[in-house]
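The model shown is predicted, which means the values in this text are computed figures rather than measured ones.
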Amino acid sequence: MRLPRERRIRASADFSRLRQSGSRLDCGPFVLNVGQAQSAKTKARFAVIVAKKSIPLAVNRNRAKRLAREIFRNDAELLPDGWECVLIARPSMLKKSFPSLVKIYNSAIKSVVK
C-alpha cells in the first residue's frame with residue numbers, strides 16, 4: 001500500500017520551496033507545510049518528515065510515517081490537484097488516536113484550501 005510515485009514529494013527543492021513559500025500550520029501532534037505546486041495539473045502530492053532527534057526509536061518513527069501516510073490516503077481528495085503537503089511528525093503524534101489525528105489533519109487542510 002505505497003503511495004504512487006506521482007503522489008510523493010521527493011526532490012529537496014520541492015521541500016525547500018514549500019517551506020519558504022507555503023503555509024505553515026502548527027497542528028499540535030504535527031506541523032503541515034502546504035502550498036500549491038508549480039503546475040496545477042499534477043495530482044496532490046504528500047511527504048512525511050520524521051526527525052531522528054525528535055523520535056529516536058526506529059519502530060516509533062516508522063509507525064509515525066505509516067500513520068501520516070494513512071491519514072493522507074484516508075481523504076486523498078481533500079487536497080485538490082495542484083497542491084502539495086509535507087507533514088512533519090512530532091512525538092505527541094504517537095500518543096493520539098487515529099480518528100483524532102484525521103480530524104486535526106482534515107480541519108487544517110480545509111482551513112488552507114478554500
Novice: Kindly give the heavy-atom pair with the smallest separation between C27 and A108, and that separation in Å.
Specialist: SG-CB, 3.6 Å
Novice: How close do P29 and I104 get, heavy atom to heavy atom, and via which atoms?
Specialist: CG-CD1, 3.9 Å
Novice: Side-chain contact, heavy-atom cut-off 4.5 Å: Y105 with N74?
Specialist: no
Novice: Rounded to the nearest 0.5 Å, what separation is found between the NZ atom of K43 and the CZ atom of R8?
Specialist: 14.0 Å
Novice: For the side chain of R69 and the backbone of L3, is there at least one donor-acceptor N/O pair under 3.5 Å apart?
Specialist: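 No.
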Novice: Around R19, counting heavy atoms of other residues, nucleotides and ligands shown, do more than 12 lie under 6.0 Å from its CZ?
Specialist: no
Novice: Taking all atoms of both residues into account, what is the closest heavy-atom pair of A76 and R7, and its distance?
Specialist: CB-NH2, 3.6 Å
Novice: Quick one: closest heavy-atom pair of A51 and R61, and the distance?
Specialist: O-CD, 4.1 Å
Novice: Who else is in the cluster with I49 when I, L, V, M, F, W and Y are joined by side-chain contacts under 4.5 Å?
Specialist: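 Joined to I49, directly or through intermediates: I9, F15, L18, V31, V86, I88.
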Novice: My understanding is that only residues two or more places apart in sequence, or in another chain, count here; which of them pass side chain to side chain contact (heavy atoms under 4.5 Å, CB included) with K103?
Specialist: none
Novice: Check A68 against L87 and note the closest heavy-atom contact, atom names and distance.
Specialist: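 So the two residues come closest at CB-CD2, 3.7 Å.
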Novice: When you measure from the side chain of R45 to the backbone N and O of E6, does any donor-acceptor pair fall under 3.5 Å?
Specialist: no
Novice: What distance separates N106 CG from L101 CG, expressed to the nearest 0.5 Å?
Specialist: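 Between atom CG of N106 and atom CG of L101 there are 11.0 Å.
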Novice: Sorted by first residue and then second, give each salt bridge (Lys or Arg N to Asp or Glu O under 4.0 Å) pair with at least one member in residues 22-42; sequence neighbours left out.
Specialist: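 Sorted pair list: D26-R90.
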Novice: I'd like to check F98 versus I71 (side-chain heavy atoms, cut-off strictly below 4.5 Å). Are they in contact?
Specialist: yes
Novice: Could you pull out the closest heavy-atom pair between V34 and C85, with the gap in Å?
Specialist: CG2-SG, 4.0 Å
Novice: Can you tell me how far apart CG (N33) and CD (E84) are? Round to the nearest 0.5 Å.
Specialist: 11.0 Å
Novice: Measuring only between side-chain heavy atoms, which start at C-beta, is F72 closer than 4.5 Å to V48?
Specialist: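 No, side chains not in contact.
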Novice: Can you check whether A58's main-chain N or O pairs, donor with acceptor, with N62's side chain at less than 3.5 Å?
Specialist: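 Present.
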